[in-house]
Protein chains: 2
Amino acid sequence: MRYYAFMHTVQVKPQEIFQALADPTRVRIVRLLAETGEESCLCELVDSLLEPQYKLSRHVKVLRQAGLLSAVKEGRWVYHRLVEGIPYLDRLYEALRLLPDVDGGFAHDVERFRQRMCLREDGRCRIGIQTPELAAGGE
Amino acid sequence: MRYYAFMHTVQVKPQEIFQALADPTRVRIVRLLAETGEESCLCELVDSLLEPQYKLSRHVKVLRQAGLLSAVKEGRWVYHRLVEGIPYLDRLYEALRLLPDVDGGFAHDVERFRQRMCLREDGRCRIGIQTPELAAGGE
DNA sequence: TGCATAAATGCATAATAACGCATGTATGCA
DNA sequence: TGCATACATGCGTTATTATGCATTTATGCA
C-alpha cells in the first residue's frame with residue numbers, strides 16, 4: 001500500500017480531474033470534504049455515505065490518482081483529505097460548495113458525517129464501520 | 001433542430017456537469033470560450049481545434065445538454081456561448097482559466113481561434129470550414 | 001504468535017461513451 | 001425552385017468504466 005503526492009501541474013491532465021468527478025459517489029466524497037473541511041478515514045466515509053467499503057475504497061483511489069485527495073496512513077486507519085493550495089483545485093472546491101442540494105441528499109451525507117465524527121476520540125477514529133451490512137457488501 | 005435553455009439548479013446533476021468535462025475535446029471547447037469570452041459558431045471551432053465537424057457537433061451537444069453551453073441559431077450558423085451567471089458554473093470557468101497549459105496546446109487553440117475570428121464580417125461568421133479535410137471526416 | 005479488523009484488490013460482468021462513416025436536415029442564394 | 005452549405009445524427013465498433021463477490025494485505029492487540 002503506497003500513497004502518492006501527485007505533481008499536479010505537470011502530471012494530471014484537465015480532463016482527468018473532471019473525469020474523477022464524473023461519478024456521483026466521488027462527487028459526494030469530495031463535496032463532503034470540501035463542505036466540512038475535515039479529513040476522514042474510510043470507515044467514516046462508509047458510515048456517512050452508506051456505501052459498501054470496497055466501493056468507496058476504489059473511488060477514493062481514483063480521486064487520489066487524479067490528484068484531488070491525499071492519504072495518510074495512521075495505524076489501521078487511512079485518513080483522506082482534499083489536496084489544497086492549488087489555485088484551480090481551490091476554485092473547483094468553491095464550485096462544489098456552491099452546488100445546490102436539490103433533493104437534500106447531500107445534507108443527509110453531511111449530517112451523518114458530523115454524527116460519525118462525534119465518535120472520534122482525541123480527534124482520531126478508533127472504531128470501524130458501524131453499519132455492518134456495508135463492511136463487505138451491498139445494502 | 002431545437003435548442004434548450006436548461007434549468008440548471010433543478011435538472012442537471014453535479015456529476016453530469018463534470019462528466020461533460022471529462023473529455024479532452026470538450027475541455028478544449030469550454031476553455032477556449034472561457035479564456036476568450038467569445039461566442040463561436042461550429043465552423044470556427046472546427047478551424048480552431050482542428051477536429052472533424054461531426055465530432056465537435058456531438059461534443060457541443062453534450063455540453064449543451066449538461067447546461068454549460070447555450071446555442072443561438074442565426075441563418076445557417078449556430079453560435080455557442082458559455083452559460084454564465086450561475087455561481088457554481090462561473091467558479092468552474094475560473095478554475096478552467098487557471099489551468100496550466102503544460103504542452104502549449106491550448107495556446108495554439110487560442111491563437112488559431114483569434115486568427116479565425118479575424119475573418120468575421122460585422123462580428124459575424126460569413127464563411128464555412130476553412131480546413132477542407134475536416135468538413136466531413138478525419139484528418 | 002495468533003486473531004480481529006481497517007483497507008485494498010483480482011476477476012467477471014454489465015453499462016456507458018467515443019469514434020468514423022455516411023447520410024439527413026435546414027437555410028440562403030442564384 | 002434547385003443547389004450549395006452549415007450543422008446534426010443513425011449506426012456499428014471499440015474502448016473505457018462501474019459494480020459485486022470474494023479474497024488478500026497490513027496493522028494492533030491479547
Side-chain angles (χ1 to χ4, degrees), chain A residues 1-4 15-16 18-29 40-47 51-66 69 71-80 116 124-139, chain B residues 1-4 15-16 18-29 40-47 51-66 69 71-80 116 124-139:
Chain A
M1 182 153 51
R2 290 212 304 281
Y3 300 102
Y4 305 88
Q15 71 269 16
E16 291 174 348
F18 295 111
Q19 191 162 16
L21 292 168
D23 179 275
T25 304
R26 291 197 292 264
V27 171
R28 290 171 71 197
I29 295 171
S40 170
C41 66
L42 192 66
C43 56
E44 289 169 335
L45 288 177
V46 170
D47 286 326
E51 298 285 346
Q53 177 267 334
Y54 64 81
K55 185 177 175 180
L56 293 184
S57 178
R58 282 184 209 277
H59 282 311
V60 156
K61 181 180 182 180
V62 173
L63 290 168
R64 196 160 15 90
Q65 291 180 333
L69 294 186
V72 174
K73 189 166 183 174
E74 283 189 33
R76 279 178 292 183
W77 288 266
V78 177
Y79 290 91
H80 304 276
R116 183 57 164 75
R124 298 285 93 181
C125 180
R126 302 289 182 215
I127 59 179
I129 295 172
Q130 301 299 294
T131 320
E133 64 270 26
L134 298 179
E139 197 168 359
Chain B
M1 182 154 52
R2 291 211 304 280
Y3 300 103
Y4 306 87
Q15 72 270 17
E16 292 174 347
F18 295 112
Q19 191 163 16
L21 291 168
D23 178 275
T25 304
R26 292 197 291 266
V27 171
R28 290 171 71 197
I29 295 171
S40 170
C41 65
L42 193 66
C43 58
E44 289 169 336
L45 288 177
V46 169
D47 286 326
E51 297 284 347
Q53 177 268 333
Y54 65 82
K55 185 175 173 181
L56 292 184
S57 177
R58 280 186 211 276
H59 282 311
V60 157
K61 181 180 181 180
V62 173
L63 290 169
R64 197 159 14 91
Q65 291 180 333
L69 293 187
V72 174
K73 189 167 183 171
E74 283 188 32
R76 279 178 292 183
W77 288 267
V78 177
Y79 290 91
H80 305 274
R116 184 57 165 76
R124 297 285 94 180
C125 179
R126 303 292 181 211
I127 59 179
I129 296 171
Q130 301 298 296
T131 321
E133 65 270 24
L134 298 178
E139 198 171 0

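Throughout, protein chains are lettered first and strands after them, A, B, ... in sequence-line order, and every chain is numbered starting at 1. All values derive from a computational prediction rather than experimental measurement.
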Next on the checklist: If I take atom CD in residue B:Gln53 and atom P in nucleotide D:dT9, what distance separates them, rounded to the nearest angstrom?
Outcome noted: 11 Å
Checklist entry - Considering only side-chain heavy atoms of A:Trp77, which listed nucleotide, D:dT9, D:dA22, C:dA7, is closest? => result C:dA7
Item to check | Side chains of B:Tyr79 and B:Arg124 in contact at under 4.5 Å (non-hydrogen atoms) | outcome: yes
Next on the checklist: Restricting to non-hydrogen atoms, name the atom on B:Gln15 and the atom on A:Ala22 that form the minimum distance, rounded to 0.1 Å.
Outcome noted: CB-O, 3.7 Å
Checklist outcome for this item: Whichever of A:Arg58 and A:Tyr79 has the more 5' nearest nucleotide on DNA chain C, that residue is A:Tyr79
Item to check | Complement of C:dA17, any strand, by Watson-Crick or G-U distances under 3.5 angstrom | outcome: D:dT14
Item to check | Atom pair distance, as rounded to whole Å: OH in A:Tyr54 and P in C:dA6 | outcome: 18 Å
Checklist outcome for this item: Heavy-atom closest pair (B:Leu42 atom, B:His80 atom, distance to 0.1 Å) is N-CD2, 4.2 Å
Checklist outcome for this item: Rounded to whole Å, CG of A:Leu63 lies from P of C:dA8 at a distance of 12 Å
Item to check | Qualifying residues under side chain to side chain contact (heavy atoms under 4.5 Å, CB included), relative to A:Arg76, sequence neighbours excluded | outcome: none
Checklist entry - If only side-chain N and O atoms of A:Lys73 are considered, is one of them under 4.0 Å from the OP1 or OP2 phosphate oxygen of D:dT27? => result yes
Checklist entry - Base, sugar-phosphate alone, or nothing: which one does A:Cys41 contact when heavy atoms must sit under 4.0 Å apart? => result sugar-phosphate
Checklist entry - In whole angstrom, what separates B:Arg76's CZ from C:dG24's P? => result 20 Å
Checklist entry - Considering all heavy atoms of both residues, which atom of A:Ala20 and which atom of A:Arg26 are nearest to each other, and what is their separation? => result O-NE, 2.6 Å
Checklist entry - Are side-chain heavy atoms of B:Cys43 and B:Arg116 found at a separation under 4.5 Å? => result yes
Checklist entry - Rounded to the Å, how far apart are B:Glu51 CD and C:dC19 C1'? => result 11 Å
Checklist outcome for this item: Rounded to whole Å, CD1 of A:Ile127 lies from P of C:dA6 at a distance of 9 Å
Checklist entry - If you round to the nearest 0.5 Å, how far is NE2 of B:His59 from CG of B:Leu45? => result 12.0 Å
Checklist entry - Quick one: which of C:dA4, D:dT9, D:dA8 gets closest to the side chain of B:Leu42? => result D:dA8
Checklist entry - So what does B:Leu45 touch, heavy atoms closer than 4.0 Å: a base, only the sugar-phosphate, or nothing? => result nothing
Checklist entry - Whole-Å distance between C:dA17 P and B:Leu21 CG? => result 14 Å
For nucleotides 12-18 of chain D, tabulate all protein N/O to nucleotide N/O atom pairs closer than 3.5 Å, reporting atom names and distance.
| from | atom 1 | to | atom 2 | distance (Å) |
| --- | --- | --- | --- | --- |
| D:dT17 | OP1 | A:Gln19 | NE2 | 2.8 |
| D:dA18 | OP1 | A:Arg26 | NH1 | 3.1 |
| D:dA18 | OP1 | A:Arg26 | NH2 | 2.5 |

Item to check | Separation of atom CD in A:Glu133 from atom C1' in D:dC21, rounded to whole Å | outcome: 17 Å
Checklist outcome for this item: Result for 5'-nearest mapping on DNA chain C, choosing between A:Ile129 and A:Lys61, is A:Ile129
